Protein chains: 2
Amino acid sequence: MIPLYFKIYQQIKDDIRDHTYPAGSFLPSENELVTQFQTSRDTIRKALAKLDEEGLIQKQRGKGSQVISHQLRHFPISGLTSFHELEELQHFHVVTEVPVFEHLTVTKKTQKTTLFPVGTPLYHIVRVRIIDGIYSVIDEDYIRADIVPGLTKDIAKHSIYAYIENTLHLSVAYAEKTITAELVTAMDRKLLVGLPEDENRLIQVESQGHLTDTTYFQRTIARHRPDQFQFNEFARRQTT
Amino acid sequence: MIPLYFKIYQQIKDDIRDHTYPAGSFLPSENELVTQFQTSRDTIRKALAKLDEEGLIQKQRGKGSQVISHQLRHFPISGLTSFHELEELQHFHVVTEVPVFEHLTVTKKTQKTTLFPVGTPLYHIVRVRIIDGIYSVIDEDYIRADIVPGLTKDIAKHSIYAYIENTLHLSVAYAEKTITAELVTAMDRKLLVGLPEDENRLIQVESQGHLTDTTYFQRTIARHRPDQFQFNEFARRQTT
DNA sequence: GAGTGGTCTAGACCACACG
DNA sequence: GTGTGGTCTAGACCACTCT
């Protein structure tokens with residue numbers, strides 16, 4: 001069941017995207033929307049809150065809700081977006097190679113690289129993303145095999161997230177991400193065919209994924225070719 | 001006037017920080033909090049929503065609100081945090097040099113680098129941040145002089161944000177940020193004393209700042225020494 | 001003064017987890 | 001079944017903007 005406020009949110013979002021509400025214009029007032037959608041003001045406000053959070057509108061007390069005009073058409077790496085979703089959204093041609101696909105159990109030695117406790121059964125998967133012909137990213141995953149069973153190389157080639165959410169019906173709740181610039185290793189150079197000689201670092205996005213019950217189940221280390229990397233964020237300073 | 005829900009949010013946040021509610025434990029239920037704080041459920045829910053948004057708790061329908069245990073103690077570059085605030089929070093020793101401080105008016109030539117329309121009066125400020133003795137970041141700012149008048153080199157040395165918000169009482173609403181890895185220029189090498197020869201890129205965080213009335217007033221280009229750069233983010237997948 | 005968004009209340013019903 | 005969080009309602013008052 002989709003909540004009413006969410007439907008209203010989607011409708012207004014569509015209306016912004018197709019310029020029914022052009023950039024810079026004001027949405028109808030909350031009271032007008034109440035009569036338009038025949039609902040309560042709180043429901044309208046929830047819908048507007050989502051639009052505000054995503055950076056689609058700017059609310060101004062005493063004035064109204066203004067549609068924000070964005071300079072950059074968002075390349076949505078922000079949030080938690082998988083490559084598969086990216087491909088569909090942006091019409092890039094992505095080829096995925098899977099050079100490593102193995103089971104392992106965490107030992108004292110591998111504890112530090114996986115950040116899982118000793119004894120945890122894991123999938124260890126390395127994927128290389130070739131975007132429009134350029135070897136762009138190395139994705140290294142450590143995924144708890146007791147929580148995400150039945151993974152195959154074929155699933156890894158398509159979308160692990162789709163498998164987790166649609167097939168296993170697990171809900172990914174949140175992830176902690178860290179972006180750094182790390183030195184290129186010999187292995188990196190082997191996997192990222194065509195990486196220029198003078199590039200000495202890759203941009204690393206490390207991500208620790210958790211389920212709704214806060215279980216830590218996945219660690220991903222994505223290493224991007226620096227000239228192919230871009231990360232966008234919409235950041236609010238305060239709640240007005 | 002501070003809203004009630006905000007005070008409750010702060011109090012619970014404090015209780016989480018000082019382990020009154022330890023990591024992994026559950027907060028009192030919403031109904032219990034209602035009687036504790038003698039308020040309505042909606043007000044409690046607003047407070048909890050803020051905690052959820054920031055990644056301090058995970059709400060679980062039918063179960064309760066669980067305190068998230070974080071692996072990384074956040075280095076709060078996420079959001080819109082200035083260097084001055086960072087310094088206070090983290091006890092780093094930051095020295096700021098201001099090699100460039102000038103007025104200029106946007107011309108056809110400088111339109112592309114500033115992203116402001118021709119004729120806009122701007123401050124152009126370049127600052128170098130020396131963190132614990134290491135030349136770490138070059139901050140280049142373009143700020144609308146008609147909106148932020150009276151800037152001085154001295155203010156730039158301390159905190160431009162504090163001046164904008166506390167002295168001019170302007171409210172910064174949001175910023176669009178883009179992180180990329182850019183090639184080192186001769187100027188970069190001159191300003192970032194001690195940058196290793198073999199580093200060919202700096203991590204660039206470009207940010208376009210807007211006021212609550214959506215006015216675009218500031219462009220900042222921060223270029224970080226790659227081995228000194230870290231960006232953390234808490235990302236939610238869905239709203240549970 | 002009229003209209004806007006921001007806060008707060010009191011109550012209702014629903015979907016879900018757990019024993 | 002009981003308790004939890006999720007949604008929705010109808011109304012109130014306040015703070016702010018604009019004319």
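Keep in mind that the numbers below use all heavy atoms, side chains included, and drop hydrogens, waters and symmetry copies. Here is the naming used below: chain letters follow the sequence lines, and residue numbers restart at 1 for every chain. Predicted, not measured: the structure shown is a model, and the values here were computed from it.
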Of B:Leu27 and A:Asp42, whose nearest nucleotide on DNA chain D comes first from the 5' end?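 Nearer the 5' end of the strand: B:Leu27.
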
Short side-chain N/O contact from [X] to OP1 or OP2 of [N], under 4.0 Å:
X: A:Thr39; N: D:dC8; answer: no
X: B:Thr43; N: C:dT7; answer: no
X: B:Ser40; N: C:dA10; answer: no
X: A:Ser65; N: C:dT4; answer: no
X: B:Tyr5; N: C:dC8; answer: no
X: B:Lys63; N: C:dC18; answer: yes

I need the [atom1]-[atom2] distance between [X] and [N], as an integer number of Å.
X: B:Ile44; N: C:dT9; atom1: CD1; atom2: C1'; value: 13 Å
X: A:Asn31; N: C:dT4; atom1: CG; atom2: P; value: 6 Å
X: A:Gln38; N: D:dA10; atom1: CD; atom2: C1'; value: 14 Å
X: B:Ile8; N: C:dT7; atom1: CD1; atom2: P; value: 13 Å
X: A:Gln66; N: C:dT4; atom1: CD; atom2: C1'; value: 14 Å
X: A:Lys50; N: D:dG6; atom1: NZ; atom2: C1'; value: 13 Å
X: A:Ile2; N: C:dA15; atom1: CD1; atom2: C1'; value: 15 Å
X: B:Arg41; N: D:dG3; atom1: CZ; atom2: P; value: 14 Å

The side chain of [X] is closest to which nucleotide in this list: [options]?
X: B:Pro3; options: C:dC8, D:dC16, D:dG6; value: C:dC8
X: A:Arg45; options: C:dC16, D:dT4, C:dG5; value: C:dG5
X: B:Ser29; options: D:dT4, C:dC16, D:dT7; value: D:dT4

Ignoring hydrogens and geometry beyond distance, is a side-chain donor-acceptor pair present between [X] and [Y] at under 3.5 Å?
X: A:Thr110; Y: A:Thr113; answer: no
X: A:Thr215; Y: A:Asp213; answer: yes
X: B:Glu176; Y: A:Asn232; answer: no

Is B:His19 reaching over with its side chain to a backbone N or O of B:Asp15, donor-acceptor style, under 3.5 angstrom?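 Flag not set: sc B:His19 to bb B:Asp15 has no pair under 3.5 Å.
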
Evaluate the criterion salt bridge (charged side-chain N to carboxylate O under 4.0 Å, His left out) for residue pair B:Arg127 and B:Glu140; output intermediate values, then yes/no. CA-CA 6 Å; B:Arg127 293 178 288 181; B:Glu140 184 164 23; over 6 Å; no

Just checking A:Leu48: base, sugar-phosphate only, or nothing, at a heavy-atom cut-off of under 4.0 Å?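 If one applies the 4.0 Å heavy-atom cut-off, A:Leu48 turns out to touch nothing in the nucleic acid.
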
